[in-house]
Every structure is written in structure tokens, then in C-alpha cells.
Protein chains: 2
Amino acid sequence: MSLATDSADKPTLYKRIRADIEKRILTGEWPPGHRIPFEHELVARYGCSRMTVNKALSELAQADLIERRRRAGSFVRRPQHQSAVLKIADIRAEITALGRSYGYELIGRKLRAATAADRARLGVKKAGKVIAIACRHSADNVPFAVEDRLIDLSSVPSAATADFSREPPGSWLLHHVPWTEAEHTISAIVADDRTAEALDIAIGAPCLVIDRYTWRSARTITAVRLLYPGDSHRLVARFKGG
Amino acid sequence: MSLATDSADKPTLYKRIRADIEKRILTGEWPPGHRIPFEHELVARYGCSRMTVNKALSELAQADLIERRRRAGSFVRRPQHQSAVLKIADIRAEITALGRSYGYELIGRKLRAATAADRARLGVKKAGKVIAIACRHSADNVPFAVEDRLIDLSSVPSAATADFSREPPGSWLLHHVPWTEAEHTISAIVADDRTAEALDIAIGAPCLVIDRYTWRSARTITAVRLLYPGDSHRLVARFKGG
DNA sequence: TACGATTATATGTCTAGACATATAAGTCAA
DNA sequence: TTGACTTATATGTCTAGACATATAATCGTA
């Protein structure tokens, strides 16, 4: 909701330019790598001075949405600059970054009309189709995490035809769907028999639970629950603040 | 290290102005709430046009380091705008925000020359004095978290005379010491007998463990371990991303 | 073909003005 | 004392220029 509506009030010109460009990036109309119009082109389009256009583009650059290169132009950045906590969104990247071999195993995949429970979990009211996915990640052939995910197909129709038997859904989504907001809920449980079996740990051993919800604008994209062995896994988040 | 050294190269004027102000804020010379010089004063001091000063201040505002108010001036922001994960840094604020009554109990406080273990925990080589603090937080008289903290007195000398019997050290630090970086490590354990006793939970119940290290520039400020009952507590982190 | 020098161009920074606008502070009346 | 009105002022936005600088593209040469 934060940058939702500058509704009704008259935004200044440079803010309008910035919002116009931001919108095209977030909707995917201008994908990562796309060259956005030169300053002089925007000057012509909006009928203003170059400083006004420059201010809009500078703010987008400061927000890491675009990258500016002298003589070449300004380009939409790849969404790889998330906060540290979100980097763990891509478990494969996390494991390979540690120099360990990544293993992935699809346990189950079901395409179905959303049940009441599905709608509650995704936080949506309208019915629609969803994909439910269960899978397991491993590092050096040791179970690393089990994943239980729901994807809202009305937000991400292309997920219906994606091949999740080879690519983990988290990686697929990260590379195909731009997100704008995510919420993590972290808690701890002790392993029940099924969890213990899946993670190859003892019943009663501590587990870290991460529930993540991801939105694009106001639309829910996916809800996922990740279970990690709590004593062997550490979740590291590093911040810069003021 | 990120914005550490623009060493040797010649930074542009607006960057120098921005860096000058940033430095005074981070060193605490200009504390939260302090009014920084008006644009026209900075124009006089640096001998440049107002637009140059304005660019420096606008970027500081976009980075949430200062707040600008028409007619009033520009003010150093309180460090309350951290990422969601860091908001839980202040347990008191977290509890009162939920409308529950906050309780605090100092269990122990020791001022000592740093032992080898202390130095390892803080990640410093040089010896010096430290304060070790143990305390417990509660919500509506139910144990909420136990805290085990080490403060490096060479970084925060004023902590030696702070009264931690009434104010929790986390709140005190948050309000007295500006930080620039923090690292969280989150894991899960099962409660041993001492932990179970302190949190009033069963032995073997799941606990969430948060280890946090905080730095100002390259100096370690504090290291803290927080233990939460894992089934009743949830750590929520919300982000906006690209 | 490969490499080095030249050129064109988009961004980076800066100026000396201008008018708009929100609001702190002061003024005056009820 | 309180509330309404006025005023002064700091920031917000914008312009039409300028020169600096990094670099993609081109051209020329070995």
C-alpha cells in the first residue's frame, strides 16, 4: 500500500515521469536489460527541460531500478538486488554460493481449482486455479529443506506450463515474475514423524520454519512454507541502516 | 565497506556535501532531531548554487537519513526506519505495539576486562572493557524472550554508566548509538533445562535463536543472543523489492 | 585481421536565476 | 487565553543554458 495511490492530487512532472517508467518496469513491459528512452527523447516527449528528466532518472537509479551508463543509455536492472533475507529466496543460489552441490527433487505437483483452504492461505477471495508443489532441496546429497508451495495461476498463468520437475519453483518464479513485496514469518517447531523422515533428522529435533508470501502490487503471487533442520541451518541477514 | 573510500579520486561537490553531512550524522555529532544547516547556509559555506546543495540533501532524504520540512528546515531522522527485521531489535516497542504490557527484568550485569571468549564473540582483537548483561522481557507477565548481551565499552563508553536495571540495553543502545550495519543469524534449538526454566516452557520445546551483531562503521558495538519460545513467537519481516 | 587513435554522444555535474507552496511564527481580535 | 488571519521563509520544482567525462562506434593503420 505504501506507494499505492498519489490519487487525485497533482503529482509534479518529474514524479510523473518517474512513476510512468516505474510502472512499465514493474508490469514487465520493459524487462530487465531493456534500454529506456534517452534523456533527450523524454525531454521531447514530456516537453520539459533535461534537468527534470534527469531528476526522475537519477532517483530510479538511486533506487536500483535502472542502471545508467555513459554514452550507452539507461537500462532496466535485473531484480537481483534484494535484501539479504530475500536472497535466501533462491535456495539453489544459496547452496551453490557455499560451494556445495545442489540437489532438487519434485515430490508432488497438483493443478486444481482453489479450495477454501487455498484461498485462505493465499489471502484471496475469488476462486481460480492454483498449483500446489511439494519438493525437497539438498546440499551435497544431505536434505537441506523441504518446500510446500502454492502458486496463484490467475496471477502467474505461465506457471501452468512450467516444468518444475527439473527447475525448483522458487528459482523459476524469481526469474520469470517480478515481485514488489514479500513477507516472511519465521518460527521454530520440533519435527514430527513426517518432517523428520523428509529431512532425515530425529523426531523432536528443532526445525526452522519460514513462511513467505509474495505479491506483485496488490496481487498475491505465491505462498511457500520452508522447513529447515534448525540446528544445522542458519539464516543470515545483513543490513545497512541509519 | 560499501561506501567506504572514494579514496584519492576527486568526488564531485554535491557528493562531498552529502558525505560531510552523512559523516556528522553517523558519528553522532548531529544526533537525531538535530536541525542541519539551511540550504542557503550550505550555499554560503561551499560557495555553490542552491541546486547543488539541494541535490545532496534530496539524496539524504531519499535514503531516509534526514527529513525535510518546508519552512522549518532539514532534520536528522531518528533511526526508526530500519528494515522490518530490525524493528524487532527493540523488543519493548514490539510488545507495546501489540497492545500488550511490557515487563523487563535485569538478571545480571558485569563490567569486566574482555576475556578471550568475549573478544571472539565481538570479533575484535584488542583487549578492552566490556559489559555483559543478562535480562528477560515479558509480555502481559508471560516470558517473551531472554537476552544475553555483550557491549564493547571502547566503542560505547557511555554504556558504563547507563542504568540497565530499568531500561533494557537494546532500547538504550537504539536511542543512544547510531549503527551502520547489523547481522542477524537465526536458528532453532530445543530448550534445555535452564532455558525452559527462564522462558517457562517445557524442556524439549522449540526455541527461536537470534544472534545479532551490530557495527558502527568498522567498530563492533554489541553482540546479543535472544531466545524466544518458538511455537508462540513469530518473527515477521516485510520487504519491498524490485 | 587486429589493434590503436579519433569522434560522436549520452550521461554527470553545475549555475543563476524563477515561481510555487507549505507552514512556523507573529499579529490581532473575541 | 484562544482562535483566526497574515506574513515571512525554507523547501519543492523547474528552466535554459554550460562544460566535463566516460565510452560505444568509427576509422585508419600495421
Side-chain angles (χ1 to χ4, degrees), chain A residues 3 5-22 24-25 30 32-78, chain B residues 2-3 5-22 24-25 30 32-78 81:
Chain A
L3 38 117
T5 45
D6 290 36
S7 62
D9 60 355
K10 191 187 57 131
T12 56
L13 181 52
Y14 94 87
K15 279 183 180 158
R16 225 187 79 216
I17 299 173
R18 173 159 64 78
D20 284 355
I21 295 170
E22 208 167 313
R24 296 201 205 224
I25 293 174
W30 287 347
H34 178 90
R35 208 210 76 223
I36 73 175
F38 295 131
E39 290 191 352
H40 64 83
E41 295 177 293
L42 292 168
V43 162
R45 176 175 316 174
Y46 287 94
C48 62
S49 82
R50 195 172 72 101
M51 276 300 283
T52 302
V53 165
N54 184 275
K55 178 159 186 169
L57 295 186
S58 294
E59 288 197 2
L60 287 170
Q62 205 191 337
D64 272 344
L65 259 164
I66 65 170
E67 185 188 345
R68 313 199 73 199
R69 292 209 302 273
R70 273 188 154 112
R71 170 68 211 250
S74 301
F75 301 83
V76 177
R77 279 190 61 125
R78 255 152 250 292
Chain B
S2 48
L3 36 119
T5 44
D6 291 34
S7 62
D9 61 356
K10 191 185 57 127
T12 57
L13 179 53
Y14 94 87
K15 279 185 181 158
R16 225 186 79 214
I17 299 174
R18 173 159 65 77
D20 284 356
I21 295 170
E22 209 168 314
R24 295 200 203 224
I25 293 173
W30 287 348
H34 177 90
R35 209 210 76 223
I36 73 175
F38 295 130
E39 291 191 352
H40 64 84
E41 296 176 293
L42 292 169
V43 161
R45 176 175 315 174
Y46 288 95
C48 63
S49 83
R50 212 190 104 204
M51 276 300 283
T52 302
V53 165
N54 184 275
K55 177 158 186 167
L57 296 185
S58 293
E59 288 198 2
L60 288 171
Q62 205 193 339
D64 271 345
L65 259 165
I66 66 172
E67 186 188 344
R68 314 200 71 198
R69 292 207 301 272
R70 274 187 151 113
R71 170 68 210 249
S74 301
F75 301 83
V76 178
R77 279 191 63 128
R78 253 152 250 295
H81 50 83

Ignoring backbone atoms, test whether [X] places a side-chain nitrogen or oxygen under 4.0 Å from the OP1 or OP2 oxygen of [N].
| X | N | answer |
| --- | --- | --- |
| B:S49 | C:dG17 | no |
| B:K55 | C:dT13 | yes |
| A:R68 | C:dG12 | yes |
| B:K15 | C:dG12 | no |
| A:T52 | D:dT15 | yes |
| B:S74 | D:dT11 | yes |

Would you say the base of [N] and the side-chain of [X] have a donor-acceptor pair closer than 3.5 Å?
| X | N | value |
| --- | --- | --- |
| A:R70 | D:dT21 | yes |
| B:R71 | C:dA24 | yes |
| A:R69 | C:dG12 | no |

Problem - Within 45° cone and under 6.0 Å: A:R69 NZ/CZ vs A:F75 ring - result: yes
Handout entry: Nearest to side-chain heavy atoms of B:N54, which nucleotide of D:dG12, D:dA20, C:dT13
Key = D:dG12
Exercise for the section: Return the nearest nucleotide to the side chain of A:E39; candidates are C:dT15, C:dT11, D:dC14. Expected result: C:dT11
Exercise for the section: Indicate, with a heavy-atom threshold strictly under 4.0 Å, whether A:L13 touches base, sugar-phosphate, or nothing. Expected result: sugar-phosphate
Practice task
Look at all strands and tell whether B:S58 reaches a base, only sugar-phosphate, or nothing, counting heavy atoms closer than 4.0 Å.
Solution key: nothing
Exercise for the section: Start with the C-alpha gap between A:L60 and A:E22, add the side-chain angles, then the distance that decides, and say whether side chain to side chain contact (heavy atoms under 4.5 Å, CB included) holds. Expected result: CA-CA 8 Å; A:L60 287 170; A:E22 208 167 313; 3.8 Å; yes
Problem - Verdict with supporting geometry, B:K55 and A:E59, salt bridge (charged side-chain N to carboxylate O under 4.0 Å, His left out) - result: CA-CA 11 Å; B:K55 177 158 186 167; A:E59 288 197 2; over 6 Å; no
Fill in the blank from the handout: Whichever of B:I36 and A:G47 has the more 5' nearest nucleotide on DNA chain D, that residue is B:I36
Exercise for the section: Spell out, as yes or no, whether a donor-acceptor pair under 3.5 Å connects the side chain of A:S58 to the backbone of A:N54. Expected result: yes
